[in-house]
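Take a look at the structure below.
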Amino acid sequence: MKKSKILIVANWKMNPDNYAEAEDLLHQSIGVVKNTKSARVVLCIPYPWLTDFSHKGSKIVSFGAQDAAIEEKGALTGEVSPTMLKNSGVEYVILGHSERRALGETDALVAQKVLLALKTGLKVILCVGEKERDLHGEYLLFLRNQLINSLGKIQKKYLKKLIVAYEPVWAIGKSEKEAMTPDDLHETSLFIKKVLVEVYGQDSGLIIPILYGGSVGAKNAPSLLALGQIQGLLVGHESLNPKKFGELLSSIGN
Ligand code: PGA
């Protein structure tokens with residue numbers, strides 16, 4: 001059976017500041033992705049640069065947004081609908097990122113966005129993750145509730161386009177040393193799979209890919225992938241440095 005590719009999602013967040021730098025980062029990123037055979041790379045870029053790049057398209061990388069609107073139409077100042085994204089050649093969308101949840105997005109709102117984006121035909125990267133870990137394992141209950149509530153009521157036919165990204169908030173934006181250990185990730189990814197099986201049954205629950213995000217770099221990417229029982233990585237700050245991003249991609253094999 002053909003081995004499916006590792007999914008590497010680069011989250012540029014609110015970077016860079018201008019078009020010329022964004023274009024330069026795009027070209028340099030494509031340059032380092034070009035020789036990668038084992039990974040499929042998605043660049044999630046701020047709106048002002050995203051739609052231009054995605055409209056032109058690329059054979060080397062796919063494009064993703066970092067959020068999408070809750071409604072398809074209506075008076076929603078400042079929002080961008082999933083259809084607008086789809087019609088611009090955008091293939092993926094990150095939803096429920098902890099930095100958006102920190103701005104007030106609830107599980108219910110995230111669930112509504114997830115359903116609409118899936119119905120529109122976008123591939124959804126749904127982010128979940130606890131803020132902190134306690135010794136009694138209460139964070140597992142938090143994670144379970146957040147996952148179930150953010151999934152809402154998705155019909156099984158849409159599950160093929162759903163990806164769950166586990167991003168513990170305490171591990172985001174740190175050094176690789178402070179990221180999650182592969183053993184802890186293994187335990188948590190199994191827990192997430194168990195919840196997905198509980199919700200969607202064995203056959204459907206197990207096809208949903210799980211990514212890990214939170215201070216991933218070339219040093220920890222191979223062990224997180226090998227021991228973590230995950231299908232890919234969500235990479236923040238290291239994706240803004242093409243040299244480091246290239247090293248990360250090489251570290252997981254060509
Ligand atoms: P980080 O960000 O790699 O900078 O920790 C990951 C994310 O927030 O998606």
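One-based numbering, in listed order, for ligands and for the atoms of each.
Here the CG-CG distance, from Asn35 to Leu249, works out to 10.0 Å after rounding to the nearest 0.5 Å. In this structure, Ile6 CD1 and Ser38 OG are separated by 5.0 Å, a value rounded to the nearest 0.5 Å. We find the CZ-CG distance between Phe53 and Leu43 to be 9.5 Å, quoted to the nearest 0.5 Å. Interatomic distance, CD of Glu71 versus CD of Gln112, reported as 5.5 Å (0.5 Å rounding).
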side-chain contact (heavy atoms from CB on, under 4.5 Å) between Glu238 and Leu233, worked out: CA-CA 12 Å; Glu238 296 276 307; Leu233 300 163; over 6 Å; no
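Under the 4.0 Å criterion applied to side-chain N and carboxylate O atoms, Lys243 and Glu247 are assigned as salt-bridge partners. Salt bridge absent: Asp203 and Lys156 never bring a charged side-chain N and a carboxylate O closer than 4.0 Å. The pair Glu72-Lys119 fails the salt-bridge criterion, with no side-chain N (NZ, NE, NH1 or NH2) lying under 4.0 Å from an Asp/Glu carboxylate O.
Nearest protein heavy-atom contact of atom 3 (O) of ligand 1 is Gly236 N, 2.8 Å. Protein heavy atom in closest approach to atom 4 (O) of ligand 1: His237 ND1, 2.5 Å. Scanning all protein heavy atoms for the shortest distance to atom 9 (O) of ligand 1 gives Glu167 OE2, 2.7 Å.
Distances below 4.0 Å separate heavy atoms of Asn11 from the following atoms of ligand 1: 9 (O). Of all the atoms in ligand 1, the ones that sit under 4.0 Å from a non-hydrogen atom of Gly214 are 5 (O). Shown in contact with Gly173 at under 4.0 Å from a heavy atom are these atoms of ligand 1, numbered in order with element: 1 (P), 4 (O), 5 (O). Close approach of ligand 1 to Leu234 is summarised as follows: ligand atoms under 4.0 Å from at least one heavy atom of the residue are 9 (O). In summary, the atoms of ligand 1 found under 4.0 Å from a heavy atom of Ile172, numbered by their order in the structure, are 2 (O), 5 (O), 8 (O).
Residue Gly213 places every heavy atom at 4.0 Å or more from ligand 1.
Taking only nitrogen or oxygen atoms, main chain and side chain alike, His97 reaches within less than 3.5 Å of ligand 1.
With a heavy-atom cut-off of 4.0 Å, Glu238 does not touch ligand 1 at all.
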